[in-house]
K.L.:
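Provided herewith is a single structure, encoded as C-alpha cells, for subsequent inquiry.
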Amino acid sequence: TDPVTRPPTTGRYGGTIADKLVREGRVGQKAKAGFYDYSSGREGKRDAGVEEMIIATSQELGFTRRTISAEEVVERCIVSMVNEGHRLLDEGIAQSPADIDVVCANGYGARKRTPMHFADQLGSKKVLEVVRKWQAQMKNVPHWVPAPGLLDLVRRGDLSRVQKVPYLG
C-alpha cells in the first residue's frame, strides 16, 4: 500500500523513513540504494543523505534522539512480540503460546529467547508494565496497546498461560 494513501485504520504510521526511501526509489541492493549506498557492490556503505533524512524525520515527529542500549532493544522487540502473541491467541490465529514459540524458533531461529517463553519467565504483570511504559512514550503506536488477553491474565492473577517447551532451549 502506498504510504501516502494508506488509510489510518491499517495501524501503520505513514511517513516513516522506509516509506520515504521507497518513494525515492531507494528499494535496496537491486536499486543500488536503500538505507545504505550499494553503488560499489553488495556491501552497503553509510549514506549521509539517508542519515540527514533520519534526523529530519525524527525532528518532524518530535523524537529526541538518544543512545539506545542493547537491553532496551531486546526489551522493546521481545515484549512487543509478546503483546502481539497475545493478540494472535485472542483472535484464535494461534492455539497456544507454545505454537507461537515454535514458529519463532523454527522460522526465525530464535531458540534461546522465544517471546512467549520469555513472557513466562518475566511474568504477565511485568510484561504489562513494560507494554504500558512504551505505550506512554509512544502514543498512537498500535503494537503498544495492551492485548486484551494480556490484560485478562493480569486481572485474573495468572502469571502465565505459556506451556513449557523443553526443546526450545
Side-chain angles (χ1 to χ4, degrees), residues 1-91 93-94 97 99-119 122 127-147 150 168-169:
T1 305
D2 179 1
V4 176
T5 60
R6 180 182 302 125
T9 56
T10 62
R12 286 236 7 241
Y13 25 82
T16 63
I17 303 300
D19 293 333
K20 291 177 180 183
L21 291 173
V22 167
R23 280 197 297 273
E24 290 184 7
R26 297 183 63 107
V27 293
Q29 289 182 5
K30 288 182 180 179
K32 299 200 182 293
F35 278 94
Y36 296 96
D37 176 358
Y38 296 102
S39 60
S40 300
R42 291 185 59 84
E43 189 168 321
K45 294 184 176 51
R46 292 176 75 136
D47 186 311
V50 173
E51 291 183 21
E52 289 171 15
M53 180 189 296
I54 291 169
I55 291 168
T57 302
S58 296
Q59 291 171 345
E60 288 169 20
L61 296 173
F63 291 121
T64 302
R65 296 178 55 78
R66 63 185 176 83
T67 301
I68 299 175
S69 70
E71 292 79 16
E72 180 179 331
V73 171
V74 169
E75 177 185 87
R76 287 170 59 177
C77 289
I78 293 181
V79 172
S80 66
M81 288 176 71
V82 169
N83 195 41
E84 290 302 314
H86 281 287
R87 270 189 232 297
L88 294 173
L89 295 167
D90 294 342
E91 296 169 10
I93 295 169
D99 292 343
I100 295 165
D101 281 346
V102 167
V103 168
C104 289
N106 294 325
Y108 301 117
R111 297 199 185 277
K112 292 190 178 183
R113 283 196 118 173
T114 55
M116 305 312 277
H117 181 76
F118 176 80
L122 196 58
V127 169
L128 182 58
E129 286 175 18
V130 173
V131 168
R132 285 193 166 141
K133 173 178 84 173
W134 293 113
Q135 181 186 29
Q137 291 185 36
M138 293 183 232
K139 296 170 180 35
N140 304 322
V141 178
H143 63 261
W144 289 119
V145 174
L150 177 59
L168 293 179

K.L.:
Identify which one of D99, I100, I78 satisfies the side chain to side chain contact (heavy atoms under 4.5 Å, CB included) criterion when paired with M116.
P.N.:
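When side chain to side chain contact (heavy atoms under 4.5 Å, CB included) is applied between M116 and each of D99, I100, I78, only I100 qualifies.
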K.L.:
List, one per line, each side-chain donor-acceptor pair under 3.5 Å for residues 63-70, sequence neighbours excluded.
P.N.:
from	atom 1	to	atom 2	distance (Å)
R65	NH1	S58	OG	3.4
R66	NH1	E72	OE1	2.9
R66	NH2	E72	OE1	3.4
R66	NH2	E72	OE2	2.6
S69	OG	E72	N	3.1

K.L.:
So does W144 get a backbone contact from the side chain of N83, meaning a donor-acceptor N/O pair under 3.5 Å?
P.N.:
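Side chain of N83 to backbone of W144, a donor-acceptor pair under 3.5 Å: no, none is there.
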K.L.:
Within this structure, what is the CD1-CD distance for the pair I54 and E52, rounded to the nearest 0.5 Å?
P.N.:
10.5 Å
K.L.:
For the atom pair CZ (R42) and NZ (K32), what is the distance rounded to the nearest 0.5 Å?
P.N.:
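Here the rounded value is 10.5 Å.
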K.L.:
Out of curiosity, H143 NE2 to Q135 CD, how far, rounded to the nearest 0.5 Å?
P.N.:
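Between H143 NE2 and Q135 CD, I get 11.0 Å after rounding to 0.5 Å.
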K.L.:
Can you find a pair of side-chain heavy atoms, one from Y36 and one from V50, that are under 4.5 Å apart?
P.N.:
no
K.L.:
Run the side chain to side chain contact (heavy atoms under 4.5 Å, CB included) test on F118 and V79 for me, step by step, so that the C-alpha distance in whole Å, both residues' side-chain angles and the decisive distance to 0.1 Å come before the verdict.
P.N.:
CA-CA 9 Å; F118 176 80; V79 172; 4.0 Å; yes
K.L.:
Determine the minimum heavy-atom distance between F35 and D47, stating which atoms define it.
P.N.:
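Closest approach of F35 to D47, heavy atoms only: O-CB, 4.4 Å.
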K.L.:
With Q137, which residues qualify under side chain to side chain contact (heavy atoms under 4.5 Å, CB included), at least two apart?
P.N.:
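Listed in chain order: K133, W134.
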K.L.:
Within this structure, what is the CG-NE2 distance for the pair D101 and H117, rounded to the nearest 0.5 Å?
P.N.:
8.0 Å
K.L.:
Indicate yes or no for a side-chain donor-acceptor contact from D37 to the backbone of K45 under 3.5 Å, with no hydrogens or angles considered.
P.N.:
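No: the side chain of D37 does not pair with the backbone of K45.
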K.L.:
Do M81 and C104 have side chains that approach each other closer than 4.5 Å (heavy atoms only, starting at C-beta)?
P.N.:
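Of all side-chain heavy-atom pairs linking C104 with M81, at least one is under 4.5 Å.
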K.L.:
Mind listing the closest non-hydrogen atom pair of V131 and V145 along with its distance?
P.N.:
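Of all heavy-atom pairs spanning V131 and V145, the closest is CG1-C, 4.5 Å.
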K.L.:
Which atoms form the tightest heavy-atom contact between A147 and H86, and what is the distance?
P.N.:
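Scanning both residues, the minimum pair turns out to be CB-CB, 3.7 Å.
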K.L.:
Let me confirm one number: the CG-CG distance from L122 to L128, rounded to the nearest 0.5 Å.
P.N.:
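One finds 11.0 Å between CG of L122 and CG of L128.
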K.L.:
Please name the pair of heavy atoms, one in R87 and one in P142, separated by the smallest distance, quoted to 0.1 Å.
P.N.:
NH2-O, 3.5 Å
K.L.:
Just verifying a value: how many Å separate M53 CE and E60 CD, rounded to the nearest 0.5 Å?
P.N.:
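Atom-to-atom, M53:CE and E60:CD are 10.0 Å apart.
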